[in-house]
Structures are given as structure tokens and as C-alpha cells.
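These notes are about the structure you will find just below.
Model, not experiment: these values are computed from the prediction. Because only heavy atoms are used, hydrogens play no part in the values below, and waters and symmetry mates are left out as well, while side chains stay in. Numbered from 1 within each chain, the chains take letters A, B, ... in sequence-line order.
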Amino acid sequence: MHSINYIRENPIEFDNAMKVRGEKPLSSKIIEIDKIKRETQTVLQNLLAERNTLSKEIGILKSKNQNANDQINKVEDLKTKINSLKELENIKNNELNSILMNLPNIAHKSVPNGKDESENTLYRKWGTKPKFNFQPKVHYEIGEKLGLINFEIASKLSGSRFVLLKKQISKLERSIANFMLDKHTEDNGYTEYSVPFLVKDDSLYGTGQLPKFEEDLFPAGDHHWLIPTAEVPLTNLVRNEILNINQLPIRSTSYTPCFRSEAGAAGKDTRGMLRQHQFTKVELVSIVEPQFSEDELERMLVCAESILKDLNIHYRVMTLCTGDMGFSANKTYDIEVWLPGENTYREISSCSNCGDFQARRMNSRYKSNDKNIFTHTLNGSGLAVGRTLIAILENYQMEDGNVEIPKVLIKYFNNKTLF
RNA sequence: GGAGAGAUGGGUGAGUGGCUUAAACCACAGGUUUGCUAAACCUGCGAAGGAAGUAAUUCCUUCCGAGGGUUCGAAUCCCUCUCUCUCCGCCA
């Protein structure tokens with residue numbers, strides 16, 4: 001959500017910022033509604049003040065047993081005016097909110113301008129593509145050949161975009177999650193949480209999934225939604241809170257399943273377990289003071305990268321361009337892991353600085369020198385577990401169809417290969 | 001699911017229709033004094049918004065879980081909902 005003050009004072013900059021994110025110029029409409037709202041408010045408040053004074057007089061007169069009919073009649077008159085102004089104020093408020101709640105965050109000045117993912121820019125790379133003296137397979141061939149990944153049974157249970165993992169591969173998933181959580185809590189300074197997987201509307205409005213992206217979510221009953229990412233519960237921990245400055249920064253992590261309807265991705269990545277309705281992920285969330293959020297994004301990126309470095313898997317980091325960024329972000333880095341079977345890089349983590357965009361929606365503030373200041377929020381995958389599993393299968397595959405286990409996972413896995 | 005109790009500022013907590021303009025304490029911030037891993041005292045201190053002013057600031061409105069209602073006037077009375085706690089039942 002945007003500050004109305006900012007829009008009022010910088011209408012042209014605001015419209016330009018929205019334009020690069022694919023929105024129409026709305027500042028003049030916003031300012032007009034806001035103006036009517038404030039004028040209404042001013043008149044209304046004067047009438048309310050008048051009513052309050054009269055009511056007080058009535059109280060005094062009555063306590064002295066004197067007649068107060070004049071005052072009572074006057075207040076009766078005021079009442080109808082007050083009610084219609086209240087209604088108008090409400091309407092304008094709702095108009096304003098429904099516009100503001102649907103506008104994406106403003107991109108940071110360091111974000112490259114661009115239309116779609118083809119215009120993302122390379123930020124850095126780590127490692128090199130591994131060489132195989134055989135034709136590397138894709139993850140689902142490896143897994144199906146081993147009899148440990150099964151899509152048909154999963155689809156019998158739940159339909160398309162689900163997967164069933166078995167024995168060593170399901171254990172591998174668990175090992176990966178444990179490794180990531182241990183790394184982030186022991187080395188990277190994050191606090192582990194076990195969070196609810198169902199959340200209510202307010203939480204999803206806070207982080208920006210609602211109202212605009214309802215179709216991407218799975219509803220659960222009348223009042224709940226399945227979380228699309230642990231970002232939602234972890235970030236909303238500070239919703240409606242005024243934090244003490246010495247509580248910051250807050251760095252939290254959680255391992256959860258994530259549920260996504262993938263409504264806009266029909267026909268995309270249908271083969272394999274790359275794009276599922278349900279997958280697991282270790283999420284990182286930071287709540288920081290505004291002046292530290294840019295550094296925090298770099299720090300978070302390094303934390304996410306540390307997982308792939310420990311696993312010794314080649315990756316590159318892309319800076320997303322304005323056209324490819326998510327709704328709530330002001331800047332996003334994607335970590336793209338190398339998948340030799342697919343012969344391509346695929347997103348395995350997305351680290352975003354949301355600035356005060358989510359904090360305004362959530363009303364999350366901290367107290368500094370007696371002032372209440374909106375926090376800045378950041379979130380990133382650290383990492384997507386399912387996709388890490390894919391990356392391990394493809395990067396650690398051997399010619400005989402077996403898969404070696406990365407060194408750092410052996411202690412969680414107690415085995416050197418899948419078989 | 002049944003019965004009961006409750007929800008007040010960052011926290012604890014008083015307040016049953018107009019002397020509440022939300023007390024008091026804690027925490028926090030500033031200061032004074034003593035002097036050293038600190039204490040005592042003083043002062044300030046809920047939130048959101050509007051109007052006036054170059055500004056410091058001043059005035060006003062709203063908010064006591066949420067939404068409605070009664071009333072000239074509601075933290076206080078009524079209705080609906082949400083959540084928390086206690087007991088009972090069921091249950092991983």
C-alpha cells in the first residue's frame with residue numbers, strides 16, 4: 001500500500017513508477033477522491049464538534065433540572081446532516097482503498113527497466129556447469145527409473161500437479177529441509193518457527209496476496225486459506241504491532257508446505273515436479289528498520305546462496321526487471337540453479353525487499369524517538385525444497401542411474417548414494 | 001459441542017449513561033542529584049486523521065476486540081460476530 005501523502009506530493013513520479021509496472025496513471029483520480037474525502041471530513045468534524053458542545057450543555061441543564069428543549073432540537077437537526085456526511089466519507093474511503101490495495105509496489109531505482117523475464121539482468125554467478133561423460137537425465141527420469149518418484153499414483157489421489165515421493169527420495173526431502181533449517185538457525189542468525197498452514201483474509205491482505213491474487217490461492221473452508229508460502233504467517237507475526245526498536249531486526253525462518261493453484265500457468269511445466277500445487281519450502285523473513293533494508297536484502301541473498309554453495313551446485317543470481325517483479329516487492333533477486341538434465345537455469349529462490357509496502361498494509365510499526373515508523377519487510381526462499389531436490393538429482397546423478405548424496409547431507413541421510 | 005467468565009493505550013489494570021478531557025502502575029524518553037555493572041527524584045509519554053500557521057505550535061474529530069443499534073449524549077445499555085480463559089464432553 002502506498003502513502004497517500006507521497007502520491008499527493010509526487011503525482012508525476014508516482015504515475016511514472018506505476019507505468020513501468022504496467023499500471024495506468026491514477027494519481028489525479030486518487031488525489032481527487034482524497035480531496036473530496038478530506039473536505040467531507042472537515043465539514044463533518046465541525047458538525048460533530050457542535051453536537052458535542054450542545055450535548056454537554058444539555059447535560060449541565062438537566063443536572064440543574066432546567067429545560068433543554070432548544071438544544072435537543074438543534075442536535076436533532078444536526079443528526080441528519082451528520083449521517084449523510086458519514087456515509088459520503090465512507091464511500092470515498094472505500095473507493096480510495098480499493099484503488100490503493102490493487103497497486104503494486106514502486107520499484108527501487110537500482111531495478112532494471114524491462115518488460116518480462118527476458119530483461120532480467122545477471123547479478124553474479126557461482127561455480128561452473130558440471131561436466132558429464134554421459135547424457136544427463138532430467139529429474140523425473142532419474143526418480144521414476146529408481147521407482148522413487150511417482151506422478152501417476154499422485155494424480156490418482158489428487159489430480160494433476162501432485163507428486164508422490166518414496167523411501168530414499170522422501171527421506172532426502174526431509175534431509176534437505178533439516179540441513180537448511182540448521183544452516184539458517186545456527187550460522188545465519190534466523191529464528192525457527194513452526195507456523196499455521198491455514199490463515200485468514202487479513203493476513204493475506206497484509207502481505208499482498210489479497211485482494212488481487214485470490215485465484216492463485218486455495219480456499220480452506222469459509223474463513224481460511226492454505227498458505228502459498230510461509231512468508232504469509234512469518235511476516236504477519238508483526239501485523240498491528242508497535243515494536244520496540246531494540247526488537248529489530250527480526251529474522252525468522254520456517255519449513256512449511258506451500259499451496260498454489262497455478263491458475264495462470266496452465267500447460268506450463270506440466271512434466272516433472274517443478275511446478276506443483278503443493279511443495280515444501282524453507283522461508284526466510286526479515287523485519288528491519290528502513291535504513292537497513294537494502295543491506296538486509298543482500299544479506300538474505302547471501303544466506304540463501306550459502307545453501308547452494310554448501311551443496312556445491314552451480315547457480316546464477318538475476319536481478320528481476322520491473323516487469324517481472326512480484327506485486328509487493330521493490331527489488332527482487334532470483335537465484336537460478338543449474339539443471340544439467342534440462343540444460344537450463346531454473347528459479348530456486350526469490351529474495352525480495354518489500355520496503356514499507358507490506359508494513360503499511362499490516363500496520364506494522366516500531367517506536368523510535370517517540371515516533372512510530374513503518375517497518376521494512378523482506379522475504380526470500382532459503383530454499384524451495386522440492387526444487388533443491390530436483391537440483392541434487394540432476395547434478396549428482398551417476399551414469400548407472402544412481403544418485404550420490406552431497407557431503408553436507410550425509411549426516412542427515414546416513415547414506416552415500418540413493419541406493 | 002455444552003456451561004460460565006472475559007477482551008480498555010507498548011504491558012499490567014481502574015472505570016455501570018454527562019466532573020473521564022480514559023485513573024494508577026510498569027516499560028520507554030529527557031532532566032536533576034548522588035557517584036559508577038546502579039539508585040532516588042522531577043518531567044514527558046496511547047493511536048489514526050482533519051483544519052490553521054513559514055514554523056515551533058494551536059484547535060478539532062475518531063478510536064476502549066469487530067460490526068450494527070438505542071440515546072440530545074455510550075468504554076459504560078441492547079443485538080450480532082470474532083478471539084481468549086475456566087470447567088465438562090469428544091479427540092491426535
Side-chain angles (χ1 to χ4, degrees), chain A residues 1-9 30-97 99-101 194-206 210 219-225 233 236-250 257 287 289 356-375:
Chain A
M1 182 112 101
H2 297 286
S3 152
I4 184 72
N5 276 332
Y6 175 81
I7 300 173
R8 224 185 274 154
E9 285 160 24
I30 291 168
I31 289 168
E32 175 67 16
I33 296 170
D34 176 59
K35 193 181 161 208
I36 298 172
K37 183 195 122 183
R38 273 160 47 228
E39 285 168 358
T40 309
Q41 226 173 355
T42 306
V43 179
L44 173 63
Q45 289 178 359
N46 288 338
L47 294 180
L48 286 171
E50 208 177 319
R51 183 199 68 182
N52 291 345
T53 325
L54 286 168
S55 290
K56 195 153 271 180
E57 283 174 28
I58 294 166
I60 293 166
L61 288 172
K62 286 209 165 175
S63 69
K64 292 180 186 161
N65 267 325
Q66 292 174 4
N67 184 301
N69 285 343
D70 278 3
Q71 283 80 354
I72 290 175
N73 289 336
K74 274 188 199 163
V75 175
E76 291 278 13
D77 277 354
L78 289 177
K79 259 180 135 177
T80 51
K81 285 185 202 160
I82 287 173
N83 284 336
S84 65
L85 285 171
K86 267 187 186 167
E87 207 174 313
L88 182 62
E89 190 199 14
N90 243 322
I91 290 168
K92 291 297 156 191
N93 242 332
N94 291 339
E95 276 180 33
L96 200 57
N97 261 330
I99 294 175
L100 291 178
M101 285 300 262
S194 174
V195 297
F197 304 155
L198 298 181
V199 292
K200 46 187 189 177
D201 288 6
D202 295 352
S203 296
L204 288 157
Y205 275 97
L210 288 178
D222 293 338
H223 305 291
H224 290 105
W225 304 86
N236 276 281
L237 290 176
V238 297
R239 175 155 52 90
N240 279 326
E241 298 287 337
I242 300 178
L243 302 163
N244 196 310
I245 191 167
N246 58 30
Q247 292 175 263
L248 299 177
I250 294 172
I287 315 289
E289 294 177 61
D356 65 5
F357 186 82
Q358 292 180 323
R360 286 180 184 280
R361 293 175 157 248
M362 292 192 300
N363 199 21
S364 156
R365 294 159 295 166
Y366 71 98
K367 201 169 269 295
S368 168
N369 291 326
D370 273 347
K371 282 189 174 163
N372 295 323
I373 301 172
F374 286 114
T375 57

Point to revise | salt bridge (charged side-chain N to carboxylate O under 4.0 Å, His left out) contacts in which one or both residues fall within residues 40-60 of chain A, not counting sequence neighbours | key: none
Check your understanding: Does E89(A) have any side-chain hydrogen bond (donor to acceptor under 3.5 Å, both in side chains) partners at least two apart in sequence or in another chain, and if so, which?
Key -> Q41(A)
Revision key, fill the gap. Residues of residues 82-93 of chain A with a heavy atom under 4.0 Å from any atom of RNA chain B, listed by number, are none
Review point. side-chain hydrogen bond (donor to acceptor under 3.5 Å, both in side chains) with D356(A): which residues, sequence neighbours excluded?
Key: R360(A)
Exercise for review: Tell me, please, which residues at least two apart from K35(A) pass side-chain contact (heavy atoms from CB on, under 4.5 Å).
Suggested key: E39(A)
Side-chain donor-acceptor distances from residues 77-85 of chain A under 3.5 Å, at least two apart:
unit_1: T80(A); atom_1: OG1; unit_2: D77(A); atom_2: O; d: 3.1
unit_1: N83(A); atom_1: ND2; unit_2: K79(A); atom_2: O; d: 3.4
unit_1: S84(A); atom_1: OG; unit_2: K81(A); atom_2: O; d: 3.1

Check your understanding: Should D34(A) and I7(A) count as side-chain neighbours, where that means a heavy-atom distance under 4.5 Å?
Key -> no
Exercise for review: Classify the nucleic acid contact of K62(A) as base, sugar-phosphate or nothing, counting any heavy atom under 4.0 Å across all strands shown.
Suggested key: base
Point to revise | F357(A): partners by ring pair (Phe, Tyr, Trp, His ring centres under 6.0 Å), with sequence neighbours left out | key: H2(A), F327(A)
Study note, to complete from the structure: Given protein heavy atoms under 4.0 Å, the one-letter contact record of nucleotides 21-26 of chain B, with B base, S sugar-phosphate only and - none, is simply ------
Exercise for review: Would you classify N372(A) as touching base, sugar-phosphate or nothing, given that sugar-phosphate means primed atoms plus P, OP1 and OP2, and contacts are heavy atoms under 4.0 Å?
Suggested key: sugar-phosphate
Exercise for review: Can you check each nucleotide of nucleotides 50-63 of chain B against protein heavy atoms at under 4.0 Å and return B for base, S for sugar-phosphate only, - for none, in 5' to 3' order?
Suggested key: SS--------BBS-
Review point. Can you find a side chain N or O atom of K367(A) that sits less than 4.0 Å from OP1 or OP2 on A47(B)?
Key: yes
Check your understanding: Under the salt bridge (Lys or Arg N to Asp or Glu O under 4.0 Å) test, which residues partner E241(A), sequence neighbours left out?
Key -> none
**Study point:** All salt bridge (Lys or Arg N to Asp or Glu O under 4.0 Å) counterparts of K37(A), not counting sequence neighbours
**Key:** none
Check your understanding: Can you name the side-chain hydrogen bond (donor to acceptor under 3.5 Å, both in side chains) partners of D201(A), sequence neighbours left out?
Key -> W225(A)
Check your understanding: Which residue lies toward the 5' end of RNA chain B, I242(A) or E76(A), if each is placed at its nearest nucleotide?
Key -> I242(A)
